Colleague: 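One structure, as structure tokens, below. Some questions next.
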Amino acid sequence: MNERPTLDDIRRAPKVLLHDHLDGGLRPATIVDLARESGYQDLPTTDPGNLGAWFAEMSNSGSLERYLETFSHTVGVMQSVEALTRVAYECAEDLAKDGVVYAEVRYAPELHTSTGLTLEQVVEAVLEGFAKGGREHGIKVGTLVTAMRHQARSMEIAELAVRYRDAGVVGFDIAGAEAGYPPTRHLDAFEYLQRENAHFTIHAGEAFGLPSIWQAIQWCGADRLGHGVRIIDDITTAPDGKPTLGRLAAYVRDKRIPLEMCPTSNIQTGAAKSIAEHPIGLLRDLGFRVTVNTDNRLMSGTSPSLEFHKLVEAFDYGWDELQWFTVNAMKSAFVGFPERLELINGVIKPGFAQLKWRGERPVG
Ligand SMILES: [Zn+2]
């Protein structure tokens, strides 16, 4: 029987995370410490408990402006080598404690140079924190470097991704406001990455619709879609419940293009109304390459286990579905094929088998 997994059991499952922002996952107490050490004066409160509550309140306000304002504080205290290394280290620790075995965490190096750090210093500081956290807590963390879509530094950041590819940077991404800043604005960076045999994902189809997804895939050549939730706009459901896929949706499904879905975040930014109404349910039923992610753990008060648990409650998923999401994510990771296979066969499948077996054990 496919029993309903509890949150505690989900925490024990070996999980994989592909879409998580470094500046969206700090511990409130760390923000307070770093603000004090760096002389950052703008925090709304220096009480860690109240600060955590403030982040949740701002993020749940329904206003994208207020949601984005929260990042000015996390980014504001991440402006030194020590701060970046600490935040990366703690990120690895927190994810490992939640049962994550492989994660790709992203951040925009250009946002961390306001006190004079070079892009290289930023990248090296983060890599050091992940390497140490990974060693000490038994998790592998790859980083994605992100370029801001409203800025003009994507080529420079893409070159950075390639330069550090053997040191732990596994890919590239663009993020920021979608409307008015289509991915094709950064075409030269994506073409460069393709010529360099490098991997990249693009935030597309979150707030903005199908044209953004189409450009990301057919013009820019994205390996994965950050969110991609609006692919649902290319699927029509007949009165009898039968879904029909448009050409773009069919292409995304046929090519097994991974969707980095972030259910809680989508509700906060208005891309979905509730977990139960989130397109992830239909997209999974239709066999899209769906993965489950956190986006911003601090702002959304979430973790990979909590996201899974919400889906279990909304869609009645059992271990089979959670394993399917996890294997999907590992298959879609930017780390090399042998490492992916090793984690799938050596860690993920045996880990889920153990949890499933416990659920099936006869009582008494
Ligand atoms: Zn994101």
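Indexing begins at 1, ligand by ligand and atom by atom, following the structure's order. Everything numeric in this text was worked out from a predicted model, so none of it was measured. Heavy atoms only: backbone and side chains are in, while hydrogens, waters and symmetry mates are out.
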Colleague: Centroid separation under 6.0 Å, is that true for the rings of Y317 and F325?
Modeller: yes

Colleague: Less than 3.5 Å apart, any donor N or O on the side chain of Y192 or H186 sitting next to an acceptor on the other?
Modeller: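 H186 and Y192 do not have a side-chain donor-acceptor pair below 3.5 Å.
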
Colleague: Less than 3.5 Å apart, any donor N or O on the side chain of D42 or H73 sitting next to an acceptor on the other?
Modeller: no

Colleague: If I take the Zn ion (ligand 1) as the centre, what angle separates the OD1 atom of D295 from the NE2 atom of H19? Nearest 10 degrees is fine.
Modeller: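 Between OD1 of D295 and NE2 of H19, at the Zn ion (ligand 1), the angle is about 80°.
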
Colleague: Does any N, O or S atom of H21, backbone or side chain, fall under 2.8 Å from the Zn ion (ligand 1)?
Modeller: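 Checking H21: at least one N, O or S atom is under 2.8 Å.
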
Colleague: Taking N, O or S atoms only and a limit of 2.8 Å, check whether H203 reaches the Zn ion (ligand 1).
Modeller: yes

Colleague: I'd like to know if the side chain of T294 and the backbone of N296 have a donor-acceptor N/O pair within less than 3.5 Å.
Modeller: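 Between the backbone of N296 and the side chain of T294 there is no qualifying donor-acceptor contact (under 3.5 Å).
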
